[in-house]
Amino acid sequence: MTAQSTRQPELSFGSAWRYADAPDSTPIEIAHRYGHFIDGEFVEPADGKHIATINPATDEPISDIAAGDESDVDRAVRAARAAQAKWARTKPRERAKYLFRIARRIQERAHELAVLETKDAGTPIRESRDLHIPLAAQHFFYNAGWADKLRYAFAVASPRPVGVCGQIIPAGAPLLMAARKLAPALACGNTCILKPSELSSLVVLRLAEILQEVELPPGVVNIVTGGAKTGEALAAHTGLRAISFTGSTETGKRIARAAAETGARVTLQLSGKSPNIVFADASLDQAIEGAVQGVFFSRGLSCCAGARLLVEEPILGEIVRKLKIRMATIRVGDPLDKNTDVGPLACKQQLDTIKAYLKTACDASAQLHETSASPLPKKGSWCRPTLLTDVHPSDVACREEIPGPVLAVMTFRTPDEAIAQANDTPFGLAAGVWTDKGSKGREIANRLKAGVVWCNTYHKFDAASPVGGCRESGLGREGGIQGLRPYVEFS
Amino acid sequence: MPITAVDSVMVEAEAAAFAKRSVKGEAATQGMRMALSMLDLTTLEGKDSPQKVRALCRKAVQPCGAMPDLPHVAAVCVYPAFVALAKRELDGTGVRVASVATAFPSGQYPLSVRLADVRAVVDAGADEVDMVINRGAFLAGDRETVSDEIRRVKETCAGAHLKVILETGELETYENIRRASDLAIEAGADFIKTSTGKIKPAATMPVVLVMLHAIRDHYLRTGCMIGMKPAGGISTAGAALSYLVMVKETLGDAWLTPDCFRFGASSLANDLLRQLARQATGSDTAKYDFSEA
């Protein structure tokens with residue numbers, strides 16, 4: 001900043017009144033090691049190999065999970081195939097009962113699941129407790145309702161299940177991601193093999209315990225843990241009739257190629273570089289809050305993170321000034337603390353990627369502003385919420401997905417420019433439009449290339465509402481009636 | 001004056017998030033002591049008597065005889081008839097005397113009467129004057145009148161601090177509340193205040209957040225700090241802490257003093273005392289353990 005003759009008044013967010021530490025100290029049981037969940041029980045991996053899963057906030061190992069290989073995957077697929085015919089024949093309303101039971105057990109064990117997600121995935125407890133776990137339960141409730149009404153969902157006399165489905169989910173919000181894939185697949189009468197990320201498998205394995213509790217027939221849901229190799233083995237398995245993947249565009253393309261060989265139907269939820277467009281007539285304070293929550297609170301790890309902020313030129317100064325003020329009160333730290341807004345990254349690799357992007361951006365004249373309120377813990381991988389200004393649509397930082405809490409701010413002058421800029425990436429996942437004028441909001445929303453457009457809000461999810469992307473952000477939808485489509489066949 | 005749009009869905013969600021902050025232990029004790037020191041201990045009833053006002057003044061200076069180290073409250077807020085009495089009772093204690101004026105709570109009297117009302121309480125020694133705005137004129141779109149009247153009251157206040165009551169329950173929309181806040185601040189308010197306590201809804205978190213935004217924007221523009229006083233409807237220590245969290249995270253440390261933030265309440269004091277006693281002794285207390293006034 002250049003020195004100015006008159007200093008602008010500044011607000012100070014210091015230590016006049018500190019909140020005491022408020023860690024959620026609910027004790028939860030975590031076993032020393034976990035196997036795969038195949039055919040209704042936990043089994044050791046074929047070659048006996050395990051990998052450590054760590055608490056990303058402390059880098060301490062919390063348990064060992066099985067590292068699956070081809071034979072583990074094959075065993076799971078066989079179990080799913082064996083269970084398929086009977087599960088498809090099970091009366092739809094009986095299938096619904098299982099889903100309702102799962103949903104209720106998730107609710108009953110919600111606190112435990114939230115703490116476990118926070119410990120294993122680093123999600124701030126506020127987010128896992130208030131958003132991820134309740135929404136995961138809601139996906140089971142919602143799809144339970146559809147199980148015996150599928151013909152009304154599609155206006156076809158008898159939609160049939162597709163068969164055995166492979167499902168691969170990323171590290172962020174593991175239980176929610178699992179629920180979004182499992183619930184519609186089960187409601188439609190399919191059997192599944194789910195592979196969670198090796199960074200956050202524990203809460204999904206806890207779901208396996210719930211499946212045992214509700215006595216879901218063995219083989220209907222199988223969970224194989226492990227890293228990229230396990231995922232590749234699953235994607236390449238010829239026994240799958242459908243594969244659903246959530247993760248990076250790069251891996252998504254590999255999955256689609258593998259599916260071209262096996263003939264499996266593909267659903268993809270991939271990367272994004274979603275824009276938040278703020279017009280001068282918007283309710284600015286709320287737009288700023290939405291922008292902050294849309295990118296920082298999920299640590300930028302949500303695929304729908306609003307990573308670009310497009311601001312009408314006359315209000316740029318005010319928006320940036322207020323963003324910086326708002327960022328001053330964001331609390332980064334122990335994800336188990338009830339007052340933490342932003343937790344650690346999922347792994348060290350993410351931090352390195354982010355740093356490389358930020359360096360490239362700064363070399364190309366970008367101005368970088370970080371939050372500074374709370375000191376970062378010594379262990380774990382942490383990235384402060386970061387604002388990039390003086391960046392341009394052609395910069396890498398504005399075109400590629402950065403896996404962290406980084407917001408790039410750019411300006412536009414007319415609605416046409418706003419739309420052109422918003423659509424100017426290879427992606428098309430989500431977008432936000434902030435204007436007080438309803439007609440303008442609708443018009444802009446219709447011209448955006450994005451699977452989801454939020455108006456005067458951001459990052460609102462509901463089991464009844466589909467999410468998904470176009471272009472390099474994916475194929476197909478999850479949630480809502482649309483989320484059932486990948487799991488039914490009509491002819 | 002720029003028209004500021006306010007989105008009700010987001011502002012309510014944002015306010016709800018402040019209420020989810022966890023404030024426990026030492027932080028809670030510090031917060032509750034702070035809340036006590038920011039209290040405008042209030043009695044505004046037709047049945048008020050000198051005896052009741054005297055008792056209230058006593059409580060203002062020493063909120064609880066059993067806990068003598070507690071701070072005194074910020075002010076005692078009474079009807080004009082009791083200003084002189086309260087002033088005598090509180091002389092030299094540091095507790096200020098606030099009086100409602102301008103034909104509180106309706107304000108539906110000729111301006112001359114309302115100004116005379118203000119003059120009378122200032123002459124009687126009130127340190128602070130809580131006026132009501134002309135909501136009829138505001139809702140009719142006559143901002144000039146509202147603004148002029150506030151200016152006239154401000155002049156009449158001489159040195160007394162002016163708190164401008166918007167009566168947000170009658171303004172209804174967040175945008176009206178934001179515009180009325182901007183208008184009151186421009187016209188010379190030292191504090192903006194939500195409610196008379198006679199109309200429901202009184203203070204709510206989202207309403208106060210919108211008003212805090214107006215205060216923040218004025219400060220960012222001019223460097224001038226305006227105070228905030230939510231009044232009515234805040235009766236628990238937990239609610240008070242949520243308001244303080246909101247102030248801390250919206251305006252920052254500088255507003256966490258009785259000079260910049262007040263609670264207008266009558267029943268909040270006893271809940272603060274109950275919770276403070278519980279923190280100190282570890283055992284629960286009943287409502288009847290503390291004096292009413």
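Letters go in sequence order (proteins before strands), and every chain restarts at 1.
In summary, B/D190 and B/K154 engage in a salt bridge, as defined by a charged side-chain N under 4.0 Å from a carboxylate O. A salt bridge is absent between B/K24 and A/D21: the closest approach of a Lys/Arg side-chain nitrogen to an acidic carboxylate oxygen does not fall below 4.0 angstrom. Between B/R178 and B/D182 there is a salt bridge, since a side-chain N of the basic residue sits under 4.0 Å from a carboxylate O of the acidic one. Under a 4.0 Å N-O distance rule, the pair A/K338/A/D130 does not qualify as a salt bridge. Salt bridge annotation for A/E312-A/R413: absent, with no cationic side-chain nitrogen under 4.0 angstrom from a carboxylate oxygen.
Each of A/L284, A/D337, A/D341, A/D281 has some count of heavy-atom pairs under 4.5 Å with chain B, and the biggest count is that of A/D341. Taking chain B as the reference chain and counting heavy-atom pairs below 4.5 Å, the highest number among A/G290, A/A282, A/S12 is found for A/S12. Here B/G31 is the residue among B/A13, B/G31, B/A254 with the most heavy-atom pairs under 4.5 Å with chain A.
The shortest distance between side-chain heavy atoms of B/N176 and B/Y174 does not fall below 4.5 Å. Side-chain contact between A/V453 and A/I444 is absent, with no heavy-atom pair separated by less than 4.5 Å. Between A/E117 and A/I125, every side-chain heavy-atom pair lies at or beyond the 4.5 Å cut-off.
Both the backbone and the side chain of A/N339 come within contact range of chain B, each with at least one heavy atom under 4.5 Å from a heavy atom of that chain. There is no contact between A/A287 and chain B, counting heavy-atom distances below 4.5 Å. No part of A/Q293 comes within reach of chain B, as not one of its non-hydrogen atoms sits under 4.5 angstrom from that chain. With a threshold of 4.5 angstrom between heavy atoms, B/Q30 approaches chain A through its backbone and through its side chain. B/V9 does not touch chain A: none of its heavy atoms, backbone or side chain, sits under 4.5 Å away. With a threshold of 4.5 angstrom between heavy atoms, B/L256 approaches chain A through side-chain atoms but not through N, CA, C or O.
No side-chain donor-acceptor contact under 3.5 Å links A/N276 to the backbone of A/L310. The closest donor-acceptor contact from the side chain of A/S128 to the backbone of A/A114 lies under 3.5 Å. Counting only distance, with no hydrogens or angles, the side chain of A/Q286 and the backbone of B/D7 share a donor-acceptor pair below 3.5 Å.
Partners of B/E172 under the side chain to side chain contact (heavy atoms under 4.5 Å, CB included) rule, at least two apart in sequence or in another chain, do not exist in this structure.
Of residues 222-229 of chain B, those residues with a non-hydrogen atom less than 4.5 Å from any non-hydrogen atom of chain A are, in numerical order, B/T222, B/G223. Below 4.5 Å, heavy atoms of chain A meet heavy atoms from B/L244, B/V245, B/K248, B/E249, B/T250, B/L251, B/G252, B/D253, all part of residues 244-253 of chain B.
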Run the ring-ring contact (aromatic ring centres under 6.0 Å, His included) check on A/Y458 and A/F297 step by step: do they pass? CA-CA 11 Å; A/Y458 204 83; A/F297 280 27; over 10 Å; no

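Applying the salt bridge (Lys or Arg N to Asp or Glu O under 4.0 Å) test to pairs two or more places apart or on separate chains, those with a residue in residues 254-282 of chain B are B/D40-B/R262, B/E128-B/R262, B/D271-B/R274, B/R278-B/D284.
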